[in-house]
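Working notes, beginning with the structure itself.
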2 protein chains.
Amino acid sequence: MGWHYAALEDRLARLGHLEGALAILNWDTAVCMPEAASAARGEQIATLKRLAHELLTADETGELLAGAEAESDLDPWQRANVREAQRRFRRARALEPALVEALARATNACEMTWREARRRSDFAMLRASLEEVVRLVREAARVTGAALGLEPYDALLDEHQPDLRDALVAPLLDRLAAALPPILEVAIEANRPFLTPRGPFPVDRQKKLAERLLSRLGFDFRMGRLDASAHPFCGGIPVDIRITSRWREDEVGAALMAVLHETGHALYEAGLPRRWLGQPVGEARGIVVHESQSLLLEMQICRSPAFLRFLAGELEAAFGPDPAWTSANLEALWHRVERGFIRVDADEVSYPLHVILRWRLEKAMLAGELAVADLPGAWAEGMRALLGVSPPDDARGCLQDIHWPVGAFGYFPCYTLGALLAAQLAAAARAQLPGLEQDIARGDIAPLLAWLRAQVHGRGSLPRFEELVREATGGPLAVEPFLEHLRARYLERAAAAA
Amino acid sequence: MGWHYAALEDRLARLGHLEGALAILNWDTAVCMPEAASAARGEQIATLKRLAHELLTADETGELLAGAEAESDLDPWQRANVREAQRRFRRARALEPALVEALARATNACEMTWREARRRSDFAMLRASLEEVVRLVREAARVTGAALGLEPYDALLDEHQPDLRDALVAPLLDRLAAALPPILEVAIEANRPFLTPRGPFPVDRQKKLAERLLSRLGFDFRMGRLDASAHPFCGGIPVDIRITSRWREDEVGAALMAVLHETGHALYEAGLPRRWLGQPVGEARGIVVHESQSLLLEMQICRSPAFLRFLAGELEAAFGPDPAWTSANLEALWHRVERGFIRVDADEVSYPLHVILRWRLEKAMLAGELAVADLPGAWAEGMRALLGVSPPDDARGCLQDIHWPVGAFGYFPCYTLGALLAAQLAAAARAQLPGLEQDIARGDIAPLLAWLRAQVHGRGSLPRFEELVREATGGPLAVEPFLEHLRARYLERAAAAA
């Protein structure tokens, strides 16, 4: 290893520390910060981001990268570290500071307008501001794509999931668009009546139960914590993981499932290679893979009948006896399928249809085929075609998500590709871990976690995306394991009921 | 206002945002951070500090300062802002990066060793590490002093309280060293028996009472919060003030008085000139002035008989009836005076004697007149001479404070000068606010707070230290108001009892 590589790693470590500090400030903003501080906090975050950007895009970084690439004695981790650093450097250098600033200003303004527009369900209020964001994102995608040798939309996908291309996304989502509606129809008919658990559920007891389950699933509270925020998330850094959920006294399921979802993200972060903490190769492999870990834990494990048997006992221990605490009732309750308007409330059968709608619309907007002004109409039409319902107002329609106002285009497909990968990983794990069902029924996922650490978590960003998928599951990303999972969970119960 | 000044203010704002981010990270370290994150957090903080240092010491900062100093149309605030920025710049430039790094490394190591040495009460364990810190601090004081035209020890004092010199400190502390022992002796004889309030005192109720008192005293929770940490402190920034205390179920006084002390710091921060938030002139005027605000609130106001009458009612409302909740009993309890070993547990009569010991010893160590190896013996001897007791072990002797291990020399005198200034400000306020006693008896300090905002808080760093003292109190810093306060509180009760 020569001095270029060593100096590069030092520089990347500094960048990693800045990003770690930003992660904690972002957590603080959501969990702790008093309201009067929001302008000052915005300036703190902008200052740290600017310094991180300057550090990354400096000529010196480019020289160190070139020098390190020429070093012949790097090990595979070091080589992958250089590759991932180069990827970031090229992307960050692709955009002129003026465009970066214009985007930051436009998305800040659009986010604020969006909050008010959503409250009032008034799309007209958002229109001009969103047009400006679309215009700038289109320009950024064009410029970045030109620098990276990618189509503009691929340049956006690649930002969230390195190496993801629409040529992979499109056939998968198109197959789902065809396969899901009939499954959805049968699954809805097979919904069963359920008993609603009787509250109130004191928040401190819900939080204690969540902490107990987190520990049981392998989360180590010596390197993380669980708090409350307006929207559940998992932030921080791998040795300081900050999970949040939101609790209400009158309902227990949503907060609990949110915690279990975030636990999947948290276990991924906790399992990243510690030796490479703070270096690009030590980071998670991208949003698709991250989402696969949360959905694997939530959907594949924690909503499975085996785990629900275990969970029924935990709920009774936490909140006292209730006829609702049976695994059959929890299945009826938490395997319920609906044609809803809201993506974040959607079940796993209809969720991809919400995503497909957004993926089609964002591509059309970026291609200039759909005017922002025509979004509400296109949304209603798309919802009818995919889900058979159309929203009663824009708040429950095209104003529901924060992604576009903050400039996050090319992100939505990651959710559904994550669901596909989760199912594919779960199928591979089941094939290789014969005792898995019994483990899950005891709430013990240690063997599964060890498998995930070996196949996914501990590899960081060493493999490329497709390598990781192929090496862990034996094949490329596909829809079959996911559809198989849906059929087993939702159609077999229909067959049983018939 | 010319472009130099405007560009300087921009640059200082960036520095302020970095320092604000650091303040929140430091709070998080004490309040939230899980243990496994401490090394990573250390790196985050070091990275931000390094970037702040680079921003401050860049040649460009020096050029902007020189340009701004030459601008003729600055208003007094702008001019003071340049002066304070210049002060920081010169100080930061005085030290070579190698010395800064060596100090950071030595104090980090020494702090860790100190924690273990204190736990084991083993001074020998600390010795080599503290010798290294003393050596480096001595060198830093010499170099900084040379750059600023100050004696080495003055260069250290000036870091914590700008413009403070040992020529001011020495006569004040020497007079106290002579005046306090006889007061202490009589005050101890006049201690009265008291009833110990009967717990337990549930922590959530203690915290609610603390929040209620904070609000009553004028703290606005829209720009701050109250949490628990191992040691009480007040951190954050003026629009995001983070107060902490530590609560125990079996005792109510220490945590309550700690909150009231920190409230004094918090009200100062909250009252700093908002127009200058994040600029040097918008910051507090130094540690002596900061400490004067916490001691004014705790010692002059909240431990006064008038406030204790109000507090007795609050305690009864919070914890139910107890014969201990009378103002006479609270006075007996909280005006108790002792010859103790521990500075942070000391009453206001003996506290300055603890400080004088440390001030003498640190000057001797820095001057090379006292070897670090001889510290335990010198400590025991000094305690006997000043307080008439000597510590049973080093944990309760020279290992009790964190200051020297972390390189904070020249800091201890600020505590006692703060106590002097608190008494002097309180005397001035009493003379100018005739209804003050009645206000305090109602727990309403709004008129006093308005006076402090005009005389101290709202002025930020506009006046120099001596100007602030003189303009607010009519004279230079002196021991008489403090001694007068002690006589009134501790000797008159002796006379009454005799």
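In what follows, chains carry the letters A, B, and so on, assigned in the order in which the sequence lines appear, proteins first and then strands, with residues in each chain numbered from 1. Side chains included, hydrogens not; waters and symmetry mates left out as well; all remaining heavy atoms used.
Within 6.0 Å of NZ on Lys207(A) lie more than 12 heavy atoms contributed by other residues, nucleotides or ligands.
By the side chain to side chain contact (heavy atoms under 4.5 Å, CB included) test, Arg246(A) pairs with His231(A), Pro232(A), sequence neighbours left out. Arg93(A) is linked by a side chain to side chain contact (heavy atoms under 4.5 Å, CB included) to Thr57(A), Asp59(A), Phe89(A), counting only residues two or more places apart in sequence or in another chain.
With respect to chain B, the highest number of heavy-atom pairs below 4.5 Å among Met33(A), Glu19(A), Arg50(A) belongs to Arg50(A). With respect to chain A, the highest number of heavy-atom pairs below 4.5 Å among Glu35(B), Glu43(B), His17(B) belongs to His17(B). Counting heavy-atom pairs under 4.5 Å between each of Leu277(A), Val239(A), Leu18(A) and chain B puts Val239(A) at the top. Heavy-atom pairs under 4.5 Å with chain A were tallied for Arg222(B), Met223(B), Arg41(B); the largest tally goes to Arg222(B). For chain B, the option among Gly16(A), Pro238(A), Cys32(A), Gly236(A) with the highest count of heavy-atom pairs below 4.5 Å is Cys32(A).
At a 4.5 Å heavy-atom cutoff, Leu55(A) makes no contact with chain B through either its backbone or its side chain. With a 4.5 angstrom heavy-atom cutoff, Arg225(A) touches chain B only via side-chain atoms. For Leu22(B), no part lies under 4.5 angstrom from a heavy atom of chain A.
Between Arg242(B) and Ile24(B), the closest side-chain pair of non-hydrogen atoms falls below 4.5 Å. Residues Ile243(A) and Asp227(A) are not in side-chain contact: their nearest non-hydrogen atoms beyond the backbone lie 4.5 Å or more apart. Two residues are said to be in side-chain contact when any heavy atoms from C-beta on lie closer than 4.5 Å; Asn26(A) and Phe233(A) fail this criterion. At a threshold of 4.5 Å between non-hydrogen side-chain atoms, the residues Leu12(A) and Thr61(A) do not count as touching. For the pair Gln78(A)/Tyr5(A), a side-chain contact is recorded, criterion being any heavy-atom separation below 4.5 Å from C-beta on.
Along residues 258-273 of chain B, no residue comes nearer than 4.5 angstrom to chain A, judged on non-hydrogen atoms. Within residues 96-109 of chain B, no residue has any heavy atom closer than 4.5 Å to a heavy atom of chain A.
Between the OG1 atom in Thr47(A) and the CZ atom in Arg14(B) there is a gap of 7.0 Å [rounded to 0.5 Å]. Here the CH2 atom belonging to Trp77(A) is positioned 9.5 Å from the CZ atom belonging to Arg275(A), to the nearest 0.5 angstrom.
Panel note: side chain Gln206(A), backbone Arg248(A); a donor-acceptor pair is recorded below 3.5 Å.
Shown here for Leu25(A) and Ala21(B), the closest heavy-atom pair between the two residues is CD1-CB, 3.8 Å. Annotation for Ala228(A) and Thr244(A): closest pair C-CB, 4.4 Å, computed over non-hydrogen atoms.
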